[in-house]
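Working notes, beginning with the structure itself.
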Amino acid sequence: MTIASRNAAIAARDLAVIWHPCTQMKDHERLPLIPIARGEGVWLYDFDGRHYLDGISSWWVNLFGHANPRINTAVREQLGRLEHVMLAGFTHEPAVALAEKLVRLLPAGLTRCFFADNGSAAVEVAVKMAFHYWQNAGRPAKRRFVTLSNSYHGETLGALAVGDVELYKKVYQPLLMDVITVPSPDCHLREPGEDWEAHSRRLFAHMERALADHADEVAAVIVEPLVQCAGSMRMYHPVYLSLLREACDRHGVLLIADEIAVGFGRTGTMFACEQAGIRPDIVCLSKGLTGGYLPLSVAVVTEALYQAFYDDYVKLTAFLHSHSYTGNPLACAAALGTLSIFETDDVIAKNRALAARMAEATAELADHRHVAEVRQTGMILAIEVVRDRGSGERYDWRERRGLRAYEYALSQGALLRPLGNVIYLMPPYVIEPGQVDWLAGVARGAVDAACA
Ligand SMILES: *Cc1c(COP(=O)(O)O)cnc(C)c1O
């Protein structure tokens with residue numbers, strides 16, 4: 001047998017032993033896997049001399065490019081000192097320094113950091129903590145969670161239960177706890193002539209009613225601030241978060257903000273919650289936390305929540321959750337390297353300029369006959385592709401139009417991985433303005449390819 005290319009050789013070995021995430025493996029009978037040899041900046045290089053602009057930041061984790069020299073140095077220096085030590089009974093400088101920085105960066109009042117090792121685990125931590133908080137507070141009936149339709153909080157059973165993306169959830173439903181699901185303020189669904197703010201305000205009535213009806217049995221509300229990313233990049237106005245904070249306080253319910261995808265400058269502010277001027281009771285962070293280098297996550301909580309667990313051991317009020325790699329020093333070093341770039345470079349201002357460039361470069365797509373909407377929050381720009389713009393008729397999901405867009409983008413040297421029929425750009429912050437224009441051109445071609 002002759003091997004056509006190095007890519008093909010590695011792909012063949014891979015397919016003999018690896019079961020890939022979020023993939024129907026049979027697709028790879030036709031669809032080539034792309035082995036990546038190395039990355040640099042916004043580019044990923046395969047083994048056959050082709051390269052791809054990482055237009056979705058490798059599932060939204062990469063902030064400052066691949067093989068970023070500053071983050072590389074931070075990890076390399078840590079590697080020479082300490083690779084790992086358990087975080088129970090022991091501690092280390094990178095975890096301490098990182099926790100200090102996060103407390104300083106987050107809205108005032110979030111004072112305690114509980115580390116875990118991936119986004120779903122941080123959501124599990126938040127859910128268990130919120131439940132346990134009310135147990136410790138002598139309110140054991142408060143054990144349910146309120147969540148928004150179309151939300152996504154991860155794949156483990158607790159995180160899946162508080163999410164609402166049917167494709168990932170439906171088959172596991174019998175295994176999941178029962179939650180209260182409230183209609184999302186998703187502004188794609190606004191009435192003609194209605195603006196984002198009016199729509200988000202109007203939809204809040206559902207949340208208000210759920211809280212009024214169920215406050216006695218609800219531990220917490222969990223939301224993705226401003227953008228429901230895995231739910232096809234659906235967006236809403238910050239006023240919803242302001243109203244939610246006020247209502248949670250009034251009804252005595254905790255508020256969990258899952259900033260795993262939107263945190264660290266993605267929406268135009270360091271954290272999305274800042275745009276509503278609110279302080280959640282628990283914030284979950286992961287993804288961009290390490291600049292896309294290593295798995296790490298953290299749930300940051302208020303002092304009041306922390307104190308509800310703080311007592312003599314024999315009272316058995318402690319939070320006894322743990323993961324082996326909690327607060328791994330190499331991951332913390334990558335996070336510190338990432339945050340140091342925010343400290344020295346004017347990242348948020350640069351991102352705003354890049355976001356404006358993304359808007360300009362895609363502006364003409366708004367008139368495309370197969371585009372129902374181009375929407376944007378900061379450096380997330382999404383293109384809603386439909387069969388018929390006039391009637392809003394959608395393509396049948398079985399047609400897999402998004403897959404055509406994916407393959408077209410690859411043929412042009414860009415990584416775009418649509419969510420259903422939504423093509424989106426979510427590039428690393430080190431993308432250059434000219435590359436934004438080029439990527440927008442690929443997106444335009446991808447829309448055409450999807451609709452051909
Ligand atoms: C990706 C994501 C998660 C899950 O994080 P993993 O590290 O993939 O487990 C949770 N919440 C949101 C909002 C996410 O985008």
Side-chain angles (χ1 to χ4, degrees), residues 20-23 56-63 114-130 145-165 167-169 172 176 179 181 184-186 220-236 240-241 244 255-267 271-273 280 282-300 321 323-328 331-332 334-335 338 377-380 382 417-420 422 424 426:
H20 286 264
C22 204
T23 299
I56 59 162
S57 300
S58 286
W59 264 349
W60 327 336
V61 299
N62 191 290
L63 303 188
F114 192 99
F115 286 106
D117 50 17
N118 65 72
S120 303
V123 170
E124 298 285 337
V125 165
V127 164
K128 285 176 68 180
M129 267 182 185
F145 290 84
V146 176
T147 175
L148 295 177
S149 62
N150 192 46
S151 57
Y152 179 85
H153 298 289
E155 302 290 347
T156 53
L157 294 177
L160 203 56
V162 294
D164 186 49
V165 178
L167 181 63
Y168 307 137
K169 178 168 179 174
Y172 307 105
L176 305 179
V179 298
T181 306
S184 164
D186 175 359
V221 177
I222 181 167
V223 293
E224 294 161 273
L226 302 189
V227 189
Q228 298 187 308
C229 291
S232 302
M233 302 293 168
R234 295 296 179 87
M235 302 172 182
Y236 59 90
Y240 192 89
L241 297 173
L244 180 59
L255 175 56
I256 303 169
D258 176 352
E259 294 235 10
I260 289 167
V262 294
F264 301 104
R266 186 54 77 176
T267 66
F271 300 104
C273 281
I282 306 177
V283 171
C284 299
L285 303 171
S286 187
K287 292 206 165 105
L289 173 61
T290 63
Y293 266 62
L294 286 158
L296 180 70
S297 66
V298 62
V300 190
H321 183 107
H323 296 290
S324 309
Y325 284 101
T326 292
N328 173 263
C332 289
T338 301
T377 299
M379 284 188 70
I380 306 172
R417 195 179 201 269
L419 291 155
V422 174
Y424 68 94
M426 198 160 166

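Atoms within each ligand, like the ligands themselves, are counted from 1 in listed order.
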Inset, instruction - Around atom 14 (C) of ligand 1, find the nearest protein heavy atom and jot down its residue, atom name and distance. - result: Lys287 NZ, 2.9 Å
Legend entry - Contact check, Trp60 vs ligand 1, heavy-atom distance below 4.0 Å: yes
Inset, instruction - Identify, by atom number and element, the atoms of ligand 1 in contact range of Asn118, meaning under 4.0 Å from any of its heavy atoms. - result: 7 (O), 9 (O)
Inset, instruction - May I ask you to identify the nearest protein heavy atom to atom 13 (C) of ligand 1, giving residue, atom name and distance to one decimal place in Å? - result: Asp258 OD2, 3.3 Å
Inset, instruction - Provide the closest heavy-atom pair for Gly119 versus Ser297 in the form atom of the first, atom of the second, distance. - result: N-CB, 4.1 Å
Legend entry - Name of the residue among Gln228, Arg234, Glu224 meeting side-chain hydrogen bond (donor to acceptor under 3.5 Å, both in side chains) with Asn150: Gln228
Inset, instruction - Among all protein heavy atoms, pick the one closest to atom 9 (O) of ligand 1 and tell me residue, atom and distance. - result: Ser120 OG, 2.6 Å
Legend entry - Separation of Ile380 CD1 from Leu226 CG (nearest 0.5 Å): 9.0 Å
Inset, instruction - Write down the atom of Leu294, the atom of Thr290, and the distance for their closest heavy-atom approach. - result: O-OG1, 2.7 Å
Inset, instruction - Under 4.0 Å from a heavy atom of His153: give me the atoms of ligand 1 that qualify, with their elements. - result: 10 (C), 11 (N)
Legend entry - Close-contact set for ligand 1 against Gly154 heavy atoms, below 4.0 Å: 4 (C), 10 (C)
Legend entry - For Gly119, atoms of ligand 1 separated by under 4.0 Å from a heavy atom: 4 (C), 5 (O), 6 (P), 7 (O), 9 (O)
Inset, instruction - With heavy atoms under 4.0 Å as the rule, classify the contact between Cys229 and ligand 1 as side chain, backbone, both or neither. - result: neither
Inset, instruction - Can you establish whether the number of heavy atoms outside Tyr325 located under 6.0 Å from its atom OH is more than 12? - result: no
Inset, instruction - Verify the distance criterion only: is there a donor paired with an acceptor across the side chains of His323 and Asp117 at less than 3.5 Å? - result: no
Inset, instruction - Any atoms of ligand 1 less than 4.0 Å from a non-hydrogen atom of Ala261? List them with their elements. - result: 15 (O)
Inset, instruction - Would you kindly say whether Ser57 and Arg266 are connected by a side-chain donor-acceptor distance under 3.5 Å? - result: yes
Inset, instruction - Indicate yes or no for a side-chain donor-acceptor contact from Thr338 to the backbone of Ala334 under 3.5 Å, with no hydrogens or angles considered. - result: yes
Inset, instruction - Find all atoms of ligand 1 within a distance of less than 4.0 Å from any non-hydrogen atom belonging to Glu224, and give their numbers and elements. - result: 13 (C)
Legend entry - Any protein heavy atom < 4.0 Å from atom 7 (O) of ligand 1: yes
